[in-house]
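Since the structure comes first, as C-alpha cells, the remarks are kept for the end.
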Amino acid sequence: MNTHTFLKSTFLLCLVGIFTACGGTQKQSSTDESDSLNTHIIPKEQWLDTDGNPINAHGGGLLYHEGTYYWYGEYKVGKTYLPEWATWECYRTDVTGVSCYSSTDLLNWKFEGVVLKAVPDDENHDLHPSKVLERPKVVYNAKTKKFVMWAHVESADYSKAAAGVAISDTPNGEFTYLGSFRPNETMSRDQTVFVDDDGKAYQFSSSEHNQTMHINELADDYLKPTGRYVRRFVDQAREAPAVFKKDGKYYMLSSGCTGWDPNRAELAVADSIMGEWTVLGDPCRGVDADKTFYGQSTFVQPIAGKENAYVAMFDMWKKTDLADSRYIWLPIVVQNDTLTIPYMEKWNIEEVFGK
Ligand code: GAL
C-alpha cells in the first residue's frame with residue numbers, strides 16, 4: 001500500500017468512527033431546512049423526492065447513463081396483505097408497477113413516473129395486480145441502444161419463479177413488457193443483471209427453490225439467456241444478489257433466505273464471473289451488522305468519476321406495511337484489499353469519498 005492509499009484508508013476509518021459515534025440525533029427527514037435540497041443520505045428515515053413525496057422504489061437498482069443516475073424499484077402502494085392460503089409470511093401489496101427516479105447527485109431524486117405499469121384488465125397477465133413483481137433492474141444495451149429491464153415475476157401463489165423482461169428507448173420509459181420465462185428452464189426468483197466491461201451481460205438468480213444461485217449469460221441483445229449458465233453457491237440459499245466489479249474482480253453481496261426478515265449479509269469474490277466464487281464473509285460493521293442493520297441487499301452502485309467508491313443499497317422491509325419500507329444506503333469502504341460496509345447514521349459522498 002502506498003502512502004496515499006494508507007492516508008486515505010486511515011482518513012476513511014476515522015470518518016467511520018466519527019459517524020458511528022455521533023449518531024442518534026437526526027430526526028424525520030433527509031431535507032436540509034435551510035433550502036429544499038437533500039444534503040445527506042440518512043438510512044432508515046423517510047426519503048422524499050423533489051416533489052416532497054416519499055420515494056417509492058423498493059428492491060431496486062440504479063443505472064448511470066449520460067451523467068444521470070436512474071433508480072428503478074417496486075412501486076408499492078396500498079394495503080399490505082397476506083393471501084388467505086398463506087402458509088408462510090408472503091406479505092404483499094398489489095402489483096402497481098416499476099417506478100423510476102432520476103438524480104445527478106444520488107441525493108435529490110425526481111420522480112419520472114411508473115415506467116412499467118400493472119395490467120389490471122387481464123388477470124392472466126404477469127403484471128396483473130394479483131401477481132408478484134419484484135427486484136427490477138435496468139441495464140443499457142450499447143449495441144441496440146435499448147434500456148432493458150429484468151424483474152422477478154411470480155404467480156399469485158409464488159410458484160412461477162420466472163424472469164420478466166421489458167424494453168424501452170429511453171431510460172425513463174415507458175417500458176414495453178415482452179413476457180416472462182424461466183432462464184434456461186430453471187427457477188428464477190431474487191435476481192439482478194450485471195453488465196461487464198466487454199458489454200456481456202449476466203443475470204444472477206436464486207434458483208432451485210432459492211437454494212442455489214444461477215449465473216445466466218445473456219445474449220447480445222440482453223433479452224434472453226444464451227443457454228450458457230453455471231450453478232454457484234450450491235445449497236447455500238443466497239438471495240438478494242448485488243454484483244459489482246473492482247480492479248478486475250467480481251463481487252457479489254447477498255442475503256440469506258428468511259423472507260422479509262433480516263439476516264446476515266455475505267460478500268463473495270471471483271476472478272471470472274462464471275468461475276469459482278470465494279466467500280469472504282460478512283462485510284457489515286457496526287451495531288446490528290449481523291442482521292445487515294435490519295436491511296437486505298438490493299444493489300451496489302459505483303460512483304461515477306471516483307475510484308474505489310461504491311454505494312451499497314439495502315431495503316429495510318416493513319413486512320406488514322411494505323409501502324413504508326425504508327432504504328439503507330451505505331458506502332463500501334476499501335482498505336488494503338478488504339471491503340467493509342460500516343453503518344453510518346448520516347453521510348454523503350463528498351464527506352466519505354472526497355470531492
Ligand atoms: C425475500 C426476497 C424478497 C421477497 C420476499 C418475500 O426473501 O428477497 O424479494 O421475495 O422474500 O417474502
Side-chain angles (χ1 to χ4, degrees), residues 56-61 71-76 78-99 116 126-127 129-138 149-164 180 182-183 187-193 203-214 233 235-243 252-268 284 291-300 312-328:
N56 193 333
H58 310 278
W71 177 2
Y72 305 89
E74 302 158 23
Y75 192 64
K76 290 190 178 300
K79 211 167 141 14
T80 297
Y81 59 93
L82 204 51
E84 272 168 26
W85 53 264
T87 50
W88 55 287
E89 287 191 332
C90 53
Y91 288 105
R92 71 192 50 193
T93 55
D94 278 354
V95 170
T96 35
V98 174
S99 54
L116 180 70
D126 286 343
L127 304 179
S130 63
K131 307 289 174 66
V132 176
L133 171 62
E134 294 180 336
R135 298 193 177 273
K137 303 289 177 291
V138 174
M149 181 189 295
W150 282 62
H152 168 201
V153 296
E154 274 298 346
S155 44
D157 66 358
Y158 241 85
S159 64
K160 189 176 177 95
S180 66
R182 284 186 166 183
M187 297 173 94
S188 179
R189 289 208 171 97
D190 278 14
Q191 64 103 44
T192 195
V193 178
Q203 186 223 18
F204 283 60
S205 80
S206 293
S207 190
E208 304 180 29
H209 298 279
N210 307 336
Q211 294 308 293
T212 295
M213 189 68 61
H214 285 193
F233 305 90
D235 292 332
Q236 291 177 33
R238 303 312 300 170
E239 287 199 314
V243 179
M252 186 185 86
L253 179 65
S254 67
S255 76
C257 186
T258 54
W260 299 116
D261 296 332
N263 53 54
R264 192 185 277 280
E266 182 184 284
L267 189 67
C284 298
K291 289 202 162 32
T292 317
F293 320 114
Y294 288 91
Q296 184 185 28
S297 49
T298 186
F299 202 76
V300 171
M313 297 165 52
F314 305 87
D315 293 286
M316 186 182 183
W317 299 115
K318 195 190 261 189
K319 65 184 174 189
T320 54
D321 184 7
L322 285 166
D324 190 35
S325 297
R326 303 288 171 86
Y327 314 101
I328 300 174

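Just follow the structure's listing: the first ligand is 1, and inside any ligand the first atom is 1.
- Heavy-atom separations between W88 and ligand 1 include at least one value shorter than 4.0 Å.
- Counting only heavy atoms of the protein, atom 7 (O) of ligand 1 lies nearest to E239 OE1, 2.4 Å.
- Taking 4.5 Å as the limit, some side-chain heavy atom of K137 sits within range of a side-chain heavy atom of Q191.
- The proximity of H152 to ligand 1, defined as any non-hydrogen pair under 4.0 Å, does not occur for either the backbone or the side chain.
- Counting heavy atoms from C-beta on, the side chains of Y327 and D315 come closer than 4.5 Å.
- At a 3.5 angstrom cut-off on N or O pairs, Q296 counts as close to ligand 1.
- Formation of a donor-acceptor pair under 3.5 Å by the S99 side chain with backbone atoms of N56 is found in this model.
- In this structure, the protein non-hydrogen atom closest to atom 8 (O) of ligand 1 is D190 OD2, 2.5 Å.
- Atoms of ligand 1 lying under 4.0 Å from any heavy atom of Y158, numbered from 1 in the order shown and given with element: 4 (C), 6 (C), 10 (O).
- At a heavy-atom distance under 4.0 Å, no atom of R189 approaches ligand 1.
- Between A240 and ligand 1, no N or O atom pair is found at a separation short of 3.5 Å.
- Separating the OG atom in S206 from the CD atom in Q236 is a distance of 11.5 Å, to the nearest 0.5 Å.
- Panel note: side chain R182, backbone K160; a donor-acceptor pair is recorded below 3.5 Å.
- In this structure, CD in E134 is found 7.5 Å from CD in E154, a value given to the nearest 0.5 Å.
- Counting protein heavy atoms only, atom 10 (O) of ligand 1 is closest to E134 OE1, 2.6 Å.
- Taking the ring centroids of W317 and Y91, they lie at or beyond the 6.0 Å cut-off.
- No hydrogens or angles considered: a donor-acceptor pair under 3.5 Å links the side chains of S188 and Q203.
- Residue G259 has at least one heavy-atom neighbour below 4.0 Å for each of these atoms of ligand 1: 1 (C), 7 (O), 11 (O), 12 (O).
- The nearest heavy-atom contact from the protein to atom 9 (O) of ligand 1 is R135 NE, 3.0 Å.
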